[in-house]
Participant: 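Structure incoming, see below.
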Amino acid sequence: MSDFHYEEEDFQGKFDGGTFVRILQQVKPYWRRVLFFVIAVGIVSLLDGVFTYLNKLIIDEGILANNQARLLEIMGYYGALILVQAVMVFAFIYLCGILGQRVMYDLRKKVFNHLQSLSFSYFDRTPVGWIMSRVTSDTERMAELVTWNLLDIAWSVINIGVALFFMATIHWQLTLIVLVLIPVLFVVAVWFKTKILVEFRQVRKLNSKITGTYNENITGVRVVKALNREKENLKEFDGLTSSMYRSAYRAAWLSALFLPVVQLLTALAVGAVVWYGGLQIELGGLSIGSIQAFIAYITFMMWPVQEMARVYAEMQQAIASAERFFSLLDSKPDVVDKPGAISAPSMRGDIEFENVTFYYQPEKPVLTNFSLKVKAGETIALVGPTGGGKSTIVNLVSRFYEPKEGVIRINGRDYTEYTMSAIQSRLGVVLQTPHLFSGTVRENIRYGRLDATDAEIEEAAKLAGAHDFILALEKGYDEAVGEGGVLLSVGQKQLVSLARAILAQPDIFIMDEATSSVDTLTEALIQQGMENVMKNSTSFVIAHRLSTIRRADRILVIENGGISEMGSHAELMRHKGHYYNLYMTQFRHDLEAKYDPFANGKNGTNGHSSNGAKKPEEQVA
C-alpha cells in the first residue's frame, strides 16, 4: 500500500456558496415536491406554535377562569388540529423520502454516465476506491442535504419565525430581549462553521484513501497472503484510520460544544424573561399563562437553533463530499471527438502510423517518431522487452489514447476525424487478464453483440474452442461466472473472451498476451479461435509465447520506442538477431521442461493440466 496523492484539489479554501447552490440545483426538476413538503413542514411548525398559544388559553381562559365550556371548546380545536398535523407529518416524510431516493438515483446515474465518457488516462491515474467513494457515500450525503437536512432547516426557520410572531403578540418588549440573542448566535455559528468545515474536509479526504486501501487489499488478497504482508498492511491502515479518527473526533467535539453554548444562551434568555415577566405580573401587564407561553416559545425557538447546529455540521460533511463529487463530474476526457467527426460503417482498411510520438509523462517518451503501415487484413505480431511500447501501440490503435505528435490513419484518413464510437465499436480485444462481468456465460459472450441470437452465441463459442467446456458446466451456457469470472479458470475466461470477440466480428482485432497464463492444450484452442477471428480482421498480437505468432504476416521487435527488427518468422530467424535469440531461448526452455524427469509436469504438460477446462467441481478452487 502506498499513500497515493491523487491530483485533486485539497479543498482547503473558504466555504464555497457556489457548491451549496449547485447541490440545491439537483432538486430543481422536482421543485413541486420540494414546495409541497416545505408547505407541509410550514403547516406543522405553525400548528406547533398554535398549540402553545392554545395552552396559554387553556390556563388563562379555562383553568384559572374556571370556565368549563371554554375549556372544552379549546380542547376541541386542539384535537382537530392534531389530526391536521398528523396528515401533514405523513405528507412531508413521504415526499422527502421519495425525493431523496430520486436525487440519489440521478446523481449516481449522472456520474456513471460521465465515467463512461472519460479517457483511459483518467482511470490510470485515479484510484478505484476514490471513485467508488464518490459514487456511493458522497452521493448519499448530498441527497440527505437536499432532502432531510433541507426539511430540518425549513422546519427550524419556520419555527423561529412562528415563535417570534406569537411572542410579539403576547409582549413585544420581552421579544426584544430574545432578539438580542440572534447576533450572538450568528457569531458563534460563523466561528464553528470554519472549524468544523476544515475537519470534515480532512475526514472526506482520508475516507477516500481508506476506501482505496480496502480495494487494493481485497483485489490483491492473494499477493498479500503470499508475501505475508498482513501485519505491515495493518500498520499502514492503522495510520490512515487513526488520522481519520482524530479529524472526526475534533469535528465531533466542535459540533458537541456548539450545543451547550446554545443551551447556555437559552438559559440566559429564560432567566431574563422570568425576571422581567415577574415584574410585569406584579404590575398586571402579563398573566401566568402568558409567562408560561412565552417561556415555552423561547424553548420552541431555541430547540430549532440547536437542531440547526446539528444540521449545519452535517451540511459541512455534505459540502465536503460535494466538492469531491463535482471534481469528478467536472473532469474532462483527454480524448474527445473533434467537431464534425464522422461515423463509418466499417474500419476495414490500411492502418498507418506516421512519425508518431507518445508519452504518458513528457520526460519519458514511449514512442518516438514511430512509423508503420499495416495492410488491411494483415496480422502484425509485437514482441520485445517490457516497457518497449507494445501495449502503447495497440492502445493508440484503439484510440484509448491519441498521439502527442504525428498522425495515425485508417483508410487513408486521420483517425481523429472519425468518432471514437466508430472506431471502438469495430474493435475486438482479448487481454492477458480477461475480464468477465457478473452473470452467465451466455450473457458474457453476448456482450460482444447485444442483438446476437443464442445460436450465434453458440457458433462463436465453437469457433473459439469454448463450446465443449461450456457444455461440461452444470448449467451450460447459463452457468454463473461470478464477479470478474472468478468461478472459471484463466483458460476458460480467455476462451469466453475470445468467443465474445468472435461474436463482435471486429474489423480490428487485438490480442494482448492472451496465452501467457494458460496450458498448452488451451493455448492450442485459443490459437485456433484467433485464426477464426483474424480471417476478416486486421490483427495486432502481443505475444509472450513466440510459438503463437509464427504464422503472423509480420513480426515487429519493439525496443526503446521503435522497431528494431521486422519481418516474417522465417526472415527473422535467418537474420539471427534479437528475435532469433528470444525464440531459441524459449525453445530450449520448453524442451528442457518437456524432457526433464524431475519437472513437476510429466508427459510434456509442463506442470499444467492436460485439459484446458476445469471440471465443474474444480472451478471455485
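No experiment lies behind these values; they were computed from the predicted model shown.
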Participant: Is it true that the NZ or CZ of Arg399 lies under 6.0 Å from the centre of Tyr415's six-membered ring and within 45 degrees of the ring axis?
Facilitator: yes

Participant: Only counting residues at least two apart or in another chain, list the ones meeting ring-ring contact (aromatic ring centres under 6.0 Å, His included) with Phe325.
Facilitator: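 Testing Phe325 for ring-ring contact (aromatic ring centres under 6.0 Å, His included), a comparison that skips the adjacent residues, returns none.
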
Participant: Taking Glu458 for its side chain and Ala455 for its backbone only, find out whether a donor-acceptor pair lies under 3.5 Å.
Facilitator: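 Flag not set: sc Glu458 to bb Ala455 has no pair under 3.5 Å.
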
Participant: Please name all residues satisfying side-chain contact (heavy atoms from CB on, under 4.5 Å) with Ala452, sequence neighbours left out, ordered by chain then number.
Facilitator: Arg449, Glu456, Ile457, Leu503

Participant: For Glu443, what residues pass the side-chain contact (heavy atoms from CB on, under 4.5 Å) criterion, not counting sequence neighbours?
Facilitator: Thr440

Participant: Using the salt bridge (Lys or Arg N to Asp or Glu O under 4.0 Å) rule, collect all pairs that involve residues 416-441, keeping only residues at least two apart or in two chains.
Facilitator: Arg413-Glu417, Arg426-Asp507

Participant: Ignoring hydrogens and angles, tell me if any N or O in the side chain of Thr139 forms a donor-acceptor pair with the backbone of Arg108 under 3.5 Å.
Facilitator: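 Side chain of Thr139 to backbone of Arg108, a donor-acceptor pair under 3.5 Å: no, none is there.
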
Participant: Only counting residues at least two apart or in another chain, list the ones meeting ring-ring contact (aromatic ring centres under 6.0 Å, His included) with Phe437.
Facilitator: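 For Phe437 the ring-ring contact (aromatic ring centres under 6.0 Å, His included) partners, ignoring immediate neighbours, are His435, Tyr447.
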
Participant: Regarding Thr416 and Lys338, is there a side-chain donor-to-acceptor distance under 3.5 Å anywhere?
Facilitator: yes

Participant: Can you pull out every side chain to side chain donor-acceptor pair (under 3.5 Å) where at least one residue sits in residues 379-397? Sequence neighbours excluded, please.
Facilitator: Tyr360-Thr392

Participant: Would you say Gln494 and Val430 make side-chain contact, with heavy atoms under 4.5 Å?
Facilitator: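 Yes. Closest side-chain heavy atoms under 4.5 Å.
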
Participant: What distance do Leu572 atom CG and Asn581 atom CG have between them, rounded to the nearest 0.5 Å?
Facilitator: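 With rounding to 0.5 Å, CG (Leu572) is 11.5 Å from CG (Asn581).
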
Participant: Is the backbone N or O of Ala461 less than 3.5 Å from a side-chain atom of His467, with the two atoms forming a donor-acceptor pair by type?
Facilitator: no

Participant: Can you measure from OG (Ser539) to CD1 (Ile549) and round to the nearest 0.5 angstrom?
Facilitator: 13.0 Å

Participant: Closer than 3.5 angstrom, by distance alone: can the side chain of Asp512 be matched with the main-chain N or O of Val429 as a donor-acceptor pair?
Facilitator: no

Participant: Quick check for you: to the nearest 0.5 Å, what is the distance between Arg134 atom CZ and Ser321 atom OG?
Facilitator: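 Atom-to-atom, Arg134:CZ and Ser321:OG are 7.0 Å apart.
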
Participant: More than 12 heavy atoms of other residues, nucleotides or ligands under 6.0 Å from OH of Tyr105: yes or no?
Facilitator: no

Participant: Please list, chain by chain and in numerical order, all residues satisfying salt bridge (charged side-chain N to carboxylate O under 4.0 Å, His left out) with Asp414, sequence neighbours excluded.
Facilitator: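 By the salt bridge (charged side-chain N to carboxylate O under 4.0 Å, His left out) rule, Asp414 matches no residue at all.
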
Participant: Please give me the minimum heavy-atom distance between Ser398 and Ile510, naming the atom from each residue.
Facilitator: OG-CD1, 3.1 Å

Participant: Does some side-chain heavy atom of Asp478 sit less than 4.5 Å from a side-chain heavy atom of Val441?
Facilitator: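 Of all side-chain heavy-atom pairs linking Asp478 with Val441, none is under 4.5 Å.
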
Participant: Under 6.0 Å from the six-membered ring centre of Phe112 and within 45° of its axis: does the NZ or CZ of Lys109 meet both?
Facilitator: no

Participant: I'd like to check Ile393 versus Leu367 (side-chain heavy atoms, cut-off strictly below 4.5 Å). Are they in contact?
Facilitator: yes

Participant: Can you name the residues that form a salt bridge (charged side-chain N to carboxylate O under 4.0 Å, His left out) with Glu144, not counting sequence neighbours?
Facilitator: none

Participant: Taking the side chain as C-beta and beyond, is there a heavy-atom pair between Leu396 and Val356 under 4.5 Å?
Facilitator: yes

Participant: Check Ser568 against Ile555 and note the closest heavy-atom contact, atom names and distance.
Facilitator: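 The pair with the smallest heavy-atom distance is C-CD1, 4.3 Å.
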
Participant: Are any side-chain N or O atoms of Thr357 and backbone N or O atoms of Glu405, one a donor and one an acceptor, separated by less than 3.5 Å?
Facilitator: no

Participant: Output yes when a side-chain donor or acceptor of His114 lies under 3.5 Å from a complementary backbone atom of Leu328, and no otherwise.
Facilitator: yes

Participant: Looking at Arg500 and Gly448, what are the two nearest heavy atoms and their distance?
Facilitator: CG-N, 3.4 Å

Participant: Of all heavy-atom pairs between Tyr359 and Lys364, which one has the smallest distance, and what is that distance?
Facilitator: CB-O, 3.7 Å

Participant: Are side-chain heavy atoms of Tyr122 and Asp334 found at a separation under 4.5 Å?
Facilitator: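 Sidechains of Asp334 and Tyr122: no contact.
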
Participant: Do the side chain of Gln492 and the main chain of Leu488 share a donor and acceptor less than 3.5 angstrom apart?
Facilitator: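 Checking the backbone N and O of Leu488 against the side chain of Gln492, no donor-acceptor pair under 3.5 Å is found.
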
Participant: Side-chain contact test, heavy atoms from C-beta onward, threshold under 4.5 Å: evaluate it for Lys404 versus Phe358 and give yes or no.
Facilitator: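 SC-SC contact between Lys404 and Phe358 confirmed.
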
Participant: List for me each residue that meets side-chain contact (heavy atoms from CB on, under 4.5 Å) alongside Ser371, sequence neighbours excluded, and say none if there are none.
Facilitator: Asn355

Participant: Which heavy atom of Ala501 sits nearest to which heavy atom of Gly428, and what is that distance?
Facilitator: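 Closest approach of Ala501 to Gly428, heavy atoms only: CB-CA, 4.5 Å.
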
Participant: If the condition is side-chain contact (heavy atoms from CB on, under 4.5 Å), which residues does Ile563 pass it with, not counting sequence neighbours?
Facilitator: Phe370, Leu372, Leu556, Ile558, Met566

Participant: Distance from Ile408 atom CD1 to Glu354 atom CD, nearest 0.5 Å?
Facilitator: 11.0 Å

Participant: Applying salt bridge (Lys or Arg N to Asp or Glu O under 4.0 Å) as the test, list every pair that has at least one member in residues 365-381; sequence neighbours left out.
Facilitator: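 Matches after skipping sequence neighbours: Glu378-Arg554.
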
Participant: Keeping Ser346 on the side-chain end and Arg348 on the backbone end, is there a donor-acceptor pair under 3.5 Å?
Facilitator: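 Such a contact is found between Ser346 side chain and Arg348 backbone.
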
Participant: For His578 and Tyr583, test the side chains for any donor-to-acceptor distance below 3.5 angstrom and give the result as yes or no.
Facilitator: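 Side chains of His578 and Tyr583: no pair found under 3.5 Å.
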
Participant: If you take all heavy atoms of Ala143 and Gly100, which pair is closest and at what distance?
Facilitator: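 Looking at all heavy atoms of both residues, the closest pair is CB-O, 3.7 Å.
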
Participant: Please assess Ile445 against Ile470 for the test side chain to side chain contact (heavy atoms under 4.5 Å, CB included), listing each intermediate value before the final yes or no.
Facilitator: CA-CA 12 Å; Ile445 297 177; Ile470 295 174; 4.2 Å; yes

Participant: Going by an N to O cut-off under 4.0 Å, is there a salt bridge joining Arg446 and Asp454?
Facilitator: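 Asp454 and Arg446: salt-bridged.
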
Participant: Should we count CE of Met573 as having more than 12 external heavy atoms under 6.0 Å?
Facilitator: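 More than 12 within 6.0 Å, yes.
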
Participant: Are the side chains of Val541 and Ile380 in touch, meaning some heavy atoms are under 4.5 Å apart?
Facilitator: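 Side chain of Val541 against side chain of Ile380, heavy atoms only: no contact under 4.5 Å found.
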
Participant: Could you check if a side-chain atom of Asn444 sits within less than 4.5 angstrom of a side-chain atom of Tyr477, using non-hydrogen atoms only?
Facilitator: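 When only atoms from C-beta onward are counted, Tyr477 and Asn444 do not touch, as no gap falls below 4.5 Å.
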
Participant: Got a sec, which residues hit salt bridge (charged side-chain N to carboxylate O under 4.0 Å, His left out) with Asp106, two or more places apart in sequence or on another chain?
Facilitator: Arg102

Participant: Under the salt bridge (Lys or Arg N to Asp or Glu O under 4.0 Å) criterion, do Arg324 and Asp138 qualify, and how do the steps go?
Facilitator: CA-CA 8 Å; Arg324 283 175 163 74; Asp138 286 346; over 6 Å; no

